[in-house]
Undergrad: 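Dropping the structure in here first, questions after.
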Amino acid sequence: MTMQKAIVKMLQGNEACVYGALYAGVEFFAGYPITPSTEIAEGMARELPRRGGKFIQMEDEIGSIAAVIGAANAGCKAMTATSGPGFSLMQENIGYAYMTETPCVIINVQRGGPSTGLPTKIAQSDTMQARWGTHGDYTAIAVAPSSARECFSETVRAFNLSERFRTPVIVLTDEVLGHMREIMTIPQAGELRVVDRVRPDVPHEWYRHFEITPSFVSPMASFGEGYRYNVSGLTHDQDGFPTAIPEEIKTKLDKLRLKIERYIDEITSFRTEMMDDAHVAVISYGSVARAAYQAVRMARERRIKVGAIQPFTIWPLGEIRLRELLIPIKKVIVAELNMGQLVHEIRRVAPRHTEVFSLNRYDGEVMTPHQILDKIREVL
Amino acid sequence: MTHQPLQSEVTHHYLRPKKKFPNVWCAGCGNGIVMGALIRAIDKLGLDKNDVAVISGIGCSSRMPVYLDFNTLHTTHGRALAFATGVKIAKPQMKVIVITGDGDALAIGGNHFIHACRRNIDITAVLINNKIYGMTGGQFAPTTPGGMIATTAPHGNYEKQFDVVKLAIGAGASYVARGTVYHVTQLEKLITGGLRKKGFALIDAFSNCHTYYGRMNREGDAVAMIRWFKKHAMPVEAAARIPPEKLKDKFITGLIHETDATEFCEEYHWLVDRLSGKEAEK
């Protein structure tokens with residue numbers, strides 16, 4: 001066995017997302033320039049043609065996500081990247097991807113809102129939009145890194161989850177994470193798992209594009225392979241043809257939910273620090289988690305028994321696992337860069353004896369360790 | 001003597017007869033005529049069903065792919081060309097056809113339309129133009145002529161009308177044609193030409209919506225409306241010989257514009273080749 005030389009790079013979060021996507025085998029990127037996500041499109045424009053992949057700058061974000069879904073149905077691992085306003089524009093077609101069970105990855109480098117808001121400043125105010133952005137009933141998957149290294153690995157995981165469950169997956173990063181440079185070692189080939197969608201193994205005429213299987217995930221053929229299936233955003237039967245039959249409608253919507261809910265343990269992932277003897281916990285994700293770890297260490301120096309929980313999967317949050325983590329906890333602080341979004345989910349999930357506090361910042365600046373430390377001391 | 005298949009047998013071969021019929025269209029609707037012309041064009045060119053993708057948006061016209069036995073994608077309102085762009089770039093060897101309507105392509109999808117023309121991507125778009133929103137019940141469209149009645153223009157339409165042919169030419173499409181559901185043979189030929197053309201092809205197919213447009217504007221039933229196309233169509237060749245004042249109540253049909261320009265996927269392929277050549281030299 002030969003040892004490959006480790007590649008160490010100084011990367012922005014946005015660039016790490018590009019390399020993560022390439023590692024996961026991205027073949028198609030469509031996007032539209034928007035601050036603070038543009039470096040992802042620029043990286044793709046540089047790298048994809050070199051590797052025989054496809055890049056297109058579309059006329060808007062609506063067209064970008066549409067082209068991504070088209071390419072995914074033609075067999076590509078496909079993605080786009082955007083920020084708040086673009087994410088809003090994409091919502092209708094993201095819903096189309098949920099409905100048509102099309103795997104794809106959407107990176108949202110969050111900035112302040114609402115509306116045009118703060119193009120160059122940080123926020124986490126799309127937390128709820130990542131779950132409930134498009135109309136209708138569906139179950140969303142969203143993952144959230146907190147460093148360049150995690151931008152890489154969570155983008156790989158986003159592709160894996162989208163291919164595994166035939167569903168769009170959202171990567172929530174933010175302006176600071178996207179632009180901050182950090183040293184990271186690029187994982188070598190084979191070091192991280194790369195998942196490809198399950199292909200059908202039945203004769204063409206037996207194939208059903210939305211077949212109800214025991215796992216609720218249907219194998220997926222691509223256009224041009226002889227299967228000639230129909231895809232529609234209208235509520236459809238297992239063959240993809242529009243239906244108005246109540247049982248078929250319910251079956252379809254249940255499928256969208258169950259194919260994800262059944263595999264929550266596989267989808268959710270947490271990092272915990274100093275939780276063993278903690279009475280107080282800080283829950284945060286993305287760049288806020290970095291400040292939280294620092295705050296927890298500072299509090300420990302002051303002999304405060306506090307720990308930190310960082311969910312890597314924001315949606316679904318994994319309520320059973322989270323509730324277990326919170327059982328010994330008397331007070332939990334949910335720190336986020338918005339007016340309180342994830343805190344609602346934590347309130348829903350937390351055991352009755354756990355008091356939930358919200359720590360918010362929404363002035364376009366990062367959350368500091370001192371802010372979190374002050375809050376820890378306040379709730380004690 | 002070998003058996004010559006009947007035209008109906010040929011058509012049947014390209015449909016999903018067991019699955020999706022009867023269709024959703026009103027009796028007498030021109031959409032079926034356009035679908036027949038499209039099928040015959042595909043058959044004439046001998047395209048493999050597996051290599052054809054038909055993509056549509058939302059509206060009466062956009063229900064067509066469901067009935068067709070190809071790779072079919074029924075997408076969101078106005079976005080068919082953007083979805084089709086993704087499919088075409090991902091699999092350039094496939095023949096990508098977009099079925100759209102006047103509201104779908106020119107109102108909500110106007111941006112995607114002009115940019116598909118500009119890129120000159122190898123997609124054949126058949127725009128079924130009935131001058132009204134049919135599926136939602138007869139609202140005025142960007143193609144509704146001034147003064148005409150629609151449910152959202154009950155006192156007469158006070159907006160200007162879109163000429164899709166001029167728009168497509170201006171935006172850079174390499175094949176622009178107009179046909180009608182009366183001139184079925186011509187329509188079939190125009191679609192065939194569009195499918196043959198390497199680049200963005202638009203076929204503006206005038207069709208009748210007697211249920212809404214015809215009824216509200218007293219233009220009669222399906223037959224009367226289709227007769228109107230017969231009376232007012234002027235082939236582009238004949239129009240060139242006639243003084244403009246005589247063309248006032250006519251509309252031009254036929255292959256109106258054709259140029260040769262580099263196609264998007266081809267251009268991209270050259271880029272990939274060039275970059276891989278560069279890498280090899282290093």
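The basis for the numbers below is simple: all heavy atoms, side chains too, and nothing from hydrogens, waters or symmetry mates.
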Undergrad: Test side-chain contact (heavy atoms from CB on, under 4.5 Å) on B/Lys91 and A/Ser222; report intermediate values, then the result.
TA: CA-CA 10 Å; B/Lys91 287 228 164 114; A/Ser222 307; 3.8 Å; yes
Undergrad: Just how far is it from atom CZ of A/Phe223 to atom CG of B/Asn50, taken to the nearest 0.5 Å?
TA: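 If we round to the nearest 0.5 Å, A/Phe223:CZ and B/Asn50:CG are 12.0 Å apart.
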Undergrad: Kindly determine whether B/His74 and A/Val231 satisfy side-chain contact (heavy atoms from CB on, under 4.5 Å), including the steps that lead there.
TA: CA-CA 6 Å; B/His74 175 222; A/Val231 178; over 6 Å; no
Undergrad: Distance from B/Ile108 atom CD1 to A/Ile62 atom CD1, nearest 0.5 Å?
TA: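 If we round to the nearest 0.5 Å, B/Ile108:CD1 and A/Ile62:CD1 are 7.5 Å apart.
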Undergrad: Tell me, out of A/Pro242, A/Ser232, A/Ser64, A/Gly240, who's got the most heavy-atom pairs with chain B below 4.5 Å.
TA: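 Heavy-atom pairs under 4.5 Å are most numerous for A/Ser232.
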Undergrad: Heavy atoms only: give me the nearest A/Gly53-B/Tyr268 pair and the separation to one decimal.
TA: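 A/Gly53 and B/Tyr268 have their closest heavy atoms at O-OH, 2.6 Å.
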Undergrad: Against chain B, label A/Asn73 side chain, backbone, both or neither, depending on which of its atoms sit under 4.5 Å from a heavy atom there.
TA: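 For A/Asn73, the side chain is the part near chain B, not the backbone.
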Undergrad: Could you state the interatomic distance from OG1 (A/Thr102) to CZ (B/Phe83), rounded to the nearest 0.5 Å?
TA: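 These two atoms lie 8.0 Å from each other.
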Undergrad: Quick check for you: to the nearest 0.5 Å, what is the distance between A/Glu92 atom CD and B/Thr75 atom OG1?
TA: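 Nearest 0.5 Å value for the CD-OG1 distance: 9.0 Å.
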Undergrad: Can you tell me how far the CG atom of B/Leu73 sits from the OH atom of A/Tyr96, to the nearest 0.5 Å?
TA: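 Result: 4.0 Å between the selected atoms.
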Undergrad: Side chain from CB out, backbone as N, CA, C, O: work out which of these in B/Arg119 comes under 4.5 Å of a heavy atom of chain A, or both, or neither.
TA: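 Just its side chain gets close to chain A.
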Undergrad: Check whether the side chains of A/Asn93 and B/Arg79 place a donor and an acceptor atom closer than 3.5 Å, and report yes or no.
TA: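 A/Asn93 vs B/Arg79: no donor-acceptor pair found between side chains.
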Undergrad: Say you draw a straight line from CZ of A/Arg228 to CG of B/Asn71; how long is it, rounded to the nearest 0.5 Å?
TA: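 Rounded to the nearest 0.5 Å, the CZ-CG separation comes to 7.5 Å.
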